[in-house]
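On a predicted model such as this, the values are computed, not experimentally measured, just so you know. Order of listing sets the numbers, starting from 1, for every ligand and every atom in it.
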Amino acid sequence: MPTFSKQTYTDRRERLRQQLSDGLLLFFGNEESPMNYTDNCYPFRQDSNFLYFFGIDRPGLSAVIDLDNNHEIIFGDELTITDIVWTGPQATISEMASQVGINETRASKQLAELLINADKSDRSIHYLPPYRSNNLFKISGWFDISSRKVNELASKEFIKAIVTLRSHKSPEEIDEMVKAVNISRKMHLKAQEMCLSGVIESQVSGALHEIAIGEGGQFAYPPIITINGQTLHNHHYGNTLKKGQVLLVDAGAEAPSHYAGDITRSFPVDGSFTNQQREVYSTVLTAENNAIANCKPGITYKEIHESAMLDLAEGLKDMGVMKGDMSEAVEQGAHALFCPHGLGHMIGLDVHDMEDLGEDLVGYSNEVKRSEQFGKKSLRLGRSLEEGFVFTVEPGIYFIPELIDIWQSENKFKEFIDYGALSKFRGLGGIRIEDNVLITANGSQVIGEPIPKSLKVIEQ
Ligand code: GLY
Ligand code: MN
Ligand code: MN
C-alpha cells in the first residue's frame, strides 16, 4: 500500500502541473539492480521522485504526465504466470495505480513509442538527470542525445518545480521523518550500550542493522561506525574497540515509508573521555546546540554554518590549537583543517534529499551562491531557510594526520594554527554530533524523541 492517501498524491501532481506550462514530464521508477549477476540484486529501492508523486513501491514502472492533454499514465508490465510462480501474486498495476489516483496504465514498451513520437512532433519532454546508467542510455537512445550530454539537457524547470515541492515537508511527511529518527534513536542507544573495549566495529554495525531491518525498513545509507572518525566517510568496520578511543557512529534508519533519519553520536569506549576528548566533545556540542537554536525562517544556512565554524574555532583556540582572531581565521578558512565539511544538508525521502537533482539547485539560490573555499565549498545547503524545511545540523572536529602534515609543511595559516600544540591532539580521531532539524513558523525544532548527547549522559 502507498504510504499516504490517494488525495496526497493527486494534490502533489496537481501542484507540480501548476508550475509547468507544457510538454511531457517523464518519471523513471527504478528497476532491480544486479549485484554480481542478473538474478542476485541489491535490495530494491524505489526512486524518490517516483515515490513522492506516484507512491508505488515496485520495480519496473515509469510514468508520464502529459501537460498538453491532461493525461497521467503509469507504464509497466503485469506479472506473467512464471513471475507469479517465482515471486508470488501481487496487485495488478491498474489496482496499484488507482490507489494513487491514476486511471490510465500502459505496457512498458509503449513508453518509448509515446516519447519518440512526442519528440518528433517537437513537443517539450522534461526529464530529470538520471543517476542509473540504464535510464541514461534510454534517454540517449530515444532522443538521440550523446550520453555525455544527457545530464546537461535535463529540464531545469522540472527540477526546480520538484525542489520547490519536496523542500517543504507536510505534517504527514514530518510524522514519517519522526518515525525514521525514532528508529535511528534505538540504533544509537544500542551502539552506546555496546561501546565497550573488546567489541568489534562490525558487531555494532550488525546490531544496528538488525534494528533497522526489524523495524521494517533498512539503513538510510551505509553507516559510519569507527574509531577513526577523522576519515569522513569511513566504511571499514574491522577495528576492535579499546579504552581511551572514541567511537563515532553516523547511522540512520530508513522508515518503511522510505523517509530517512541521519544521526551521529560520538561515544567514549568504556564510558569516559580523556580531558582532551572532553574538551573537543564540549566544543562540538556547543556549536551544534547554538546552530540549532539560531535556525529560523529567513536566516541563510550559510550564516548558520559560518557561525558554527566560529564556535568550533573559538573552542580550538581555548584548547591552544588555534590562535589569533577567530573571525578572521574562519573568514580565511583556517578552521577547515579541523572541519573540512559543511554543517548539513536537506533530508527527506533521501538522506541527502534530492541530491540526484543537483546539489546547487537544491541547496543554493540566486541570492546565495556556493563558496569555492576549502571546507565551505562542501556545504550542501546554503540558502535561506523556510518553514517546513528539514535538514541536518552536524558539526565535527577532526584531526586528519595526512592533512595536518601537508598544511604544516606549507606553514599554512601559521598565524591561526599552533602546530606545536596541535601535535598533542594528533591521534584523537574525530568527534561529530548530528541531529535532524525542522524549521517551524518562528524557529526550529529537533525532530524525534531526544537522543542523549550531553557530556554527562554520554559518559554514563
Ligand atoms: N550520513 C551522511 C551524512 O551525514 O551526510
Ligand atoms: Mn550522518
Ligand atoms: Mn548528514
NZ or CZ of Arg12 within 45° of Tyr52 ring axis and under 6.0 Å: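 Here Arg12 passes the 6.0 Å and 45° test against Tyr52.
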Whether Asn411 side chain and Lys414 backbone form a donor-acceptor pair below 3.5 Å: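 Flag not set: sc Asn411 to bb Lys414 has no pair under 3.5 Å.
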Gln445 side chain to Ile439 backbone, donor-acceptor under 3.5 Å: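 Checked: no pair found.
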Are any protein N/O atoms closer than 3.5 Å to the N/O atoms of ligand 1? If there are, list each pair with names and the distance to one decimal place.
from, atom 1, to, atom 2, distance (Å)
ligand 1, 1 (N), Asp250, OD1, 3.3
ligand 1, 1 (N), Asp250, OD2, 3.3
ligand 1, 1 (N), Asp262, OD1, 3.2
ligand 1, 4 (O), Asp250, OD2, 3.3
ligand 1, 4 (O), Asp262, OD2, 3.2
ligand 1, 4 (O), Glu394, OE1, 3.0
ligand 1, 4 (O), Glu394, OE2, 3.4
ligand 1, 4 (O), Glu434, OE1, 3.4
ligand 1, 4 (O), Glu434, OE2, 3.3
ligand 1, 5 (O), His345, NE2, 3.0
ligand 1, 5 (O), His352, NE2, 2.7

With a 3.5 Å cut-off and sequence neighbours excluded, list the donor-acceptor pairs that the side chains of residues 151-158 form with protein atoms.
from, atom 1, to, atom 2, distance (Å)
Ser155, OG, His126, ND1, 2.7
Ser155, OG, Phe158, N, 3.0

Min side-chain heavy-atom separation Phe338-Phe399 under 4.5 Å: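 Phe338 reaches Phe399 side chain to side chain.
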Acceptor/donor pairs from residues 245-253 side chains to any protein atom, 3.5 angstrom cut, sequence neighbours excluded:
from, atom 1, to, atom 2, distance (Å)
Gln245, OE1, Lys242, N, 2.7
Asp250, OD1, Tyr221, OH, 2.5
Asp250, OD1, Thr264, OG1, 3.4
Asp250, OD2, Thr264, OG1, 3.3
Asp250, OD2, Arg432, NH2, 2.9

Protein N, O or S within less than 2.8 Å of the Mn ion (ligand 3), waters excluded: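 Metal shell, protein only: Asp262 OD2, His345 NE2, Glu394 OE2, Glu434 OE2.
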Basic-acidic side-chain contact under 4.0 Å: Lys369, Asp360: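 Here Lys369 does not pair with Asp360 in a salt bridge, since their nearest N and O are not under 4.0 Å apart.
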Note: Arg380-Glu355 ion pair, threshold 4.0 Å (strictly below):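 Between Glu355 and Arg380 there is a salt bridge, with a charged N closer than 4.0 Å to a carboxylate O.
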Minimum-distance pair of heavy atoms, taken over all atoms of Ala220 and Val351: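 Looking at all heavy atoms of both residues, the closest pair is O-CG1, 3.9 Å.
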